[in-house]
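Quick caveat, the model's predicted, so the values are computed rather than measured.
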Amino acid sequence: MDRYIDLRFLDYLIRDLGTLWWMYLLQGLLLIAWGIAILIWPELLTALVAALFVIAGIVVLAIGWRVWQLRRRYGMLKRQIIGI
């Protein structure tokens, strides 16, 4: 009896993760640099946290807007298909 183990899933996963190795490296280097900069200039932490909140707020607003548009378009499509 031959035993066959299909490793294609792992091959695909490793290939996909491996294509972005440089992004992980860059993120790690940036985090280390920010940590050192915050140790040197503690007031920088306040600016970074404030910037993070502003950017996160803008992203959440944009996502909310897109979801609202998608919901509205879906409602219009549904009415056209059903004929209400």
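The CG atom of Leu26 sits 9.5 Å away from atom CG of Leu31, with the distance rounded to the nearest 0.5 Å. Atom CD1 of Ile14 is separated from atom CG of Leu10 by 6.5 Å, given to the nearest 0.5 angstrom. The distance from atom CG of Leu39 to atom CH2 of Trp34, rounded to the nearest 0.5 Å, is 15.0 Å. Here the CG-CZ distance, from Leu13 to Arg8, works out to 15.0 Å after rounding to the nearest 0.5 Å. The structure places CH2 of Trp22 at 12.5 Å from CG of Leu29, a figure rounded to the nearest 0.5 Å. Between the CG atom in Leu20 and the CG atom in Leu25 there is a gap of 12.5 Å [rounded to 0.5 Å].
No single ILVMFWY cluster, assembled from side-chain heavy atoms under 4.5 Å apart, contains both Leu30 and Ile32. By the criterion of side-chain heavy atoms lying less than 4.5 angstrom apart, applied directly or through intervening Ile, Leu, Val, Met, Phe, Trp or Tyr residues, Ile36 is grouped together with Trp41 in one hydrophobic cluster. Both Val49 and Ile38 belong to a common hydrophobic cluster when Ile, Leu, Val, Met, Phe, Trp and Tyr are linked at side-chain heavy-atom distances under 4.5 angstrom. Leu61 and Leu70 fall into different hydrophobic clusters, defined by Ile, Leu, Val, Met, Phe, Trp and Tyr side-chain heavy atoms under 4.5 Å apart, directly or through other members. Hydrophobic clustering (side-chain heavy atoms under 4.5 Å, transitive across Ile, Leu, Val, Met, Phe, Trp, Tyr) groups Phe53 together with Leu48.
Scored by the side chain to side chain donor-acceptor pair (under 3.5 Å) test, Asp16 finds no partners at all (sequence neighbours excluded).
Taking a 6.0 Å sphere around OH of Tyr24, one finds it holds more than 12 heavy atoms contributed by other residues, nucleotides or ligands.
Arg66 and Gln69 form a side-chain donor-acceptor contact under 3.5 Å, judged by distance and modelled atom types alone.
Within the 4.5 Å cutoff, the side chain of Val67 has heavy atoms near those of the Ile63 side chain.
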